[in-house]
**Student:** 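I'd like to ask you about the structure that follows.
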Amino acid sequence: MAAVAATVIVAFAGPVCAQGIYDLSPAQPGRPHTQLNPAAVAAIGKDYKFVEPGVLTVATNASTPPLATYATDSATLVGADPDVAQLIADSLGLKLKLVPTPWADWPLGVTSGKYDAAISNIGVTEQRKERFDFSSYRAGLHGFFVKADSKVEKIADPKDAAGLRIVLGAGTNQERILLEWSKQNVAAGLKPIELLAFDDEPNRLLALASGRADVIVQPHAQLLFIQQRDKNVKRVGVLSAGWPERSDVAVATRKGAGLAVAITLALEGAYRDGSFDAALKRWGVEEERLDKPETNPRGLPKY
């Protein structure tokens with residue numbers, strides 16, 4: 001698989017959705033489906049028992065549109081991750097049950113057998129691989145976005161961010177990356193990056209809109225959704241969420257449960273028939289497609 005570039009990717013096409021609108025209806029008439037995949041079914045561990053017979057029970061975090069959010073009925077889960085979960089369930093000949101789950105709760109839920117899998121923008125790390133098996137399907141990316149009328153046109157490497165005020169989430173991977181970028185700038189005789197950290201997205205967006213910050217950085221897909229929804233921000237760059245390493249996003253299952261290979265084969269089938277591409281495209285995240293799914297790919301090291 002081609003690695004995600006360690007530096008920033010700056011090509012910009014913007015989100016591609018049907019008529020430029022995200023479908024947040026509970027009916028989801030455009031949700032892609034795929035056919036039963038006998039090879040994937042055969043790869044399910046012979047001793048594996050699903051949480052509910054004939055059902056794939058999947059945990060997902062409903063607070064990260066367009067990856068996963070609630071539909072207009074405030075009950076149905078929709079987004080790119082639910083669509084991927086549907087394709088896996090179709091491939092395995094199972095019904096799909098999506099369970100809204102706070103991010104902090106999916107690890108215990110998967111290891112305890114409460115969920116068959118978690119599909120929730122989960123990055124593969126070597127530490128997580130000690131407890132979980134992974135089937136990768138997307139590249140983890142962060143986005144640099146600015147106000148629509150900003151004079152900042154490109155952030156492609158640390159020097160482009162020198163002297164800028166960047167707002168982000170406290171204690172996040174983005175903060176780790178940009179602290180390192182700032183150190184590199186100072187060592188090169190450039191201005192440091194001023195980081196403004198807030199725990200919640202509304203305050204980050206307010207800091208950008210009010211002029212307290214020049215740039216906002218957080219997961220790429222979420223900012224694409226905001227750009228499409230609010231029309232007041234624009235993208236000026238993206239980078240691997242694991243900079244300087246690549247970062248894979250994957251389906252997480254219990255270590256040794258016997259599901260990971262089956263899910264990888266299910267994803268491979270959806271790649272081949274185009275249903276996977278259709279799922280990403282309808283939510284505007286087709287840029288995050290990996291070349292191919294992998295079982296337990298190389299994960300990010302501990303920092």
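In this chain, numbering begins with 1 at the start of the sequence shown.
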**Student:** Check which hydrophobic residues are tied to Leu36 through side-chain heavy-atom contacts below 4.5 Å, counting indirect links as well, and list them.
**Tutor:**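 Answer for Leu36: Val41.
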**Student:** Hey, what else clusters with Val261 if you join Ile, Leu, Val, Met, Phe, Trp, Tyr whenever side-chain heavy atoms sit under 4.5 Å?
**Tutor:**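 In the cluster with Val261 are Leu265.
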**Student:** Please identify each residue that fulfils salt bridge (Lys or Arg N to Asp or Glu O under 4.0 Å) with Asp160, with sequence neighbours left out.
**Tutor:**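 Partners of Asp160 by the salt bridge (Lys or Arg N to Asp or Glu O under 4.0 Å) criterion come out as none, since no residue qualifies.
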**Student:** Might you work through the side chain to side chain contact (heavy atoms under 4.5 Å, CB included) test for Phe145 and Gln227, ending with a clear yes or no?
**Tutor:** CA-CA 9 Å; Phe145 280 66; Gln227 179 190 44; 4.1 Å; yes
**Student:** Under the ring-ring contact (aromatic ring centres under 6.0 Å, His included) rule, what pairs show up with a residue in residues 121-141, not counting sequence neighbours?
**Tutor:**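 Sorted pair list: Trp106-Phe132.
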**Student:** To the nearest 0.5 Å, what is the distance between CG on Leu87 and CZ on Phe276?
**Tutor:**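 Between Leu87 CG and Phe276 CZ, I get 8.0 Å after rounding to 0.5 Å.
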**Student:** Testing Ile263, Ile122, Leu259, Asp116 one by one against Val251 for a side-chain contact (heavy atoms from CB on, under 4.5 Å), which residue passes?
**Tutor:**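 Between Val251 and the candidates, side-chain contact (heavy atoms from CB on, under 4.5 Å) is satisfied uniquely by Ile263.
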**Student:** Return each pair, listed once, that meets side-chain hydrogen bond (donor to acceptor under 3.5 Å, both in side chains) where at least one residue sits in residues 182-191; pairs must be two or more places apart or across chains.
**Tutor:**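 Passing the test, one end in residues 182-191: no pairs.
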**Student:** I'd like to check the salt bridge (Lys or Arg N to Asp or Glu O under 4.0 Å) partners of Lys147; sequence neighbours left out, ordered by chain and number.
**Tutor:**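 Lys147 satisfies salt bridge (Lys or Arg N to Asp or Glu O under 4.0 Å) with no residue once adjacent residues are dropped.
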**Student:** Donor-acceptor pair, distance only, cut-off 3.5 Å: does the side chain of Asn173 make one with the backbone of Ala241?
**Tutor:**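 Answer holds: yes.
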**Student:** Salt bridge or not for Asp83 and Lys281, using N-O below 4.0 Å?
**Tutor:**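 Judged by the 4.0 Å cut-off on N to carboxylate O distance, Asp83 and Lys281 do not form a salt bridge.
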**Student:** Check for a donor-acceptor pair, side chain of Asp248 on one end and backbone N or O of Gly299 on the other, with a separation under 3.5 Å.
**Tutor:**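 Absent.
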**Student:** Which pairs of donor and acceptor atoms, one on a side chain in residues 94-103, lie under 3.5 Å apart (sequence neighbours left out)?
**Tutor:**
from	atom 1	to	atom 2	distance (Å)
Lys97	NZ	Glu52	OE2	2.8
Thr101	OG1	Val99	O	2.9
Thr101	OG1	Tyr115	OH	3.4

**Student:** Kindly determine whether Leu223 and Val233 satisfy side chain to side chain contact (heavy atoms under 4.5 Å, CB included), including the steps that lead there.
**Tutor:** CA-CA 9 Å; Leu223 286 171; Val233 297; 5.9 Å; no
**Student:** Is it the case that over 12 heavy atoms from other parts of the model lie below 6.0 angstrom from the NZ atom of Lys114?
**Tutor:**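 Not more than 12 within 6.0 Å, no.
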**Student:** Let me know which of Arg254, Arg128, Lys255 forms a salt bridge (Lys or Arg N to Asp or Glu O under 4.0 Å) with Asp133.
**Tutor:**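 Exactly one pass, corresponding to Lys255.
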**Student:** Using a 4.5 Å cut-off between side-chain heavy atoms of Ile, Leu, Val, Met, Phe, Trp and Tyr, which other residues end up in the same hydrophobic cluster as Leu190?
**Tutor:**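 Once heavy-atom contacts under 4.5 Å are chained together, Leu190 still belongs with nothing else.
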**Student:** For residues 259-280, which residue pairs qualify under side-chain hydrogen bond (donor to acceptor under 3.5 Å, both in side chains), counting only residues two or more places apart or in two chains?
**Tutor:**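 Every pair satisfying side-chain hydrogen bond (donor to acceptor under 3.5 Å, both in side chains) with a residue in residues 259-280: Thr34-Asp273, Ser135-Thr264, Thr264-Thr295, Asp273-Ser275, Asp277-Arg289.
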**Student:** For residues 195-223, which residue pairs pass the salt bridge (charged side-chain N to carboxylate O under 4.0 Å, His left out) check, not counting sequence neighbours?
**Tutor:**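 Passing the test, one end in residues 195-223: Arg165-Asp214.
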**Student:** Any salt bridge between Arg246 and Glu288, counting N to O under 4.0 Å?
**Tutor:**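 Result for this pair is no, no salt bridge flagged.
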**Student:** Once you measure the plane-to-plane angle for Trp181 and Trp243, does it fall in the parallel (<30°), tilted (30-60°) or perpendicular (>60°) bin?
**Tutor:**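 Correct class here is perpendicular.
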**Student:** Not counting sequence neighbours, which residues clear side-chain contact (heavy atoms from CB on, under 4.5 Å) with Ala197? List them please.
**Tutor:**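 With sequence neighbours excluded, Ala197 shows a side-chain contact (heavy atoms from CB on, under 4.5 Å) to Leu168, Ala170, Glu175, given in chain and number order.
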**Student:** Using modelled atom types only, decide if a donor and an acceptor are shared between the side chain of Asp73 and the backbone of Ala75 within a distance under 3.5 Å.
**Tutor:**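 At least one qualifying donor-acceptor pair exists.
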**Student:** Near Glu126 CD, under 6.0 Å, is it more than 12 heavy atoms from other residues, nucleotides or ligands?
**Tutor:**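 Buried by this count: over 12 neighbours within 6.0 Å.
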**Student:** Examine distances only and state if a side-chain atom of Ser150 and a backbone atom of Val152 form a donor-acceptor pair shorter than 3.5 Å.
**Tutor:**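 Yes.
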**Student:** Using the salt bridge (charged side-chain N to carboxylate O under 4.0 Å, His left out) rule, collect all pairs that involve residues 100-112, keeping only residues at least two apart or in two chains.
**Tutor:**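 Not a single pair qualifies under salt bridge (charged side-chain N to carboxylate O under 4.0 Å, His left out).
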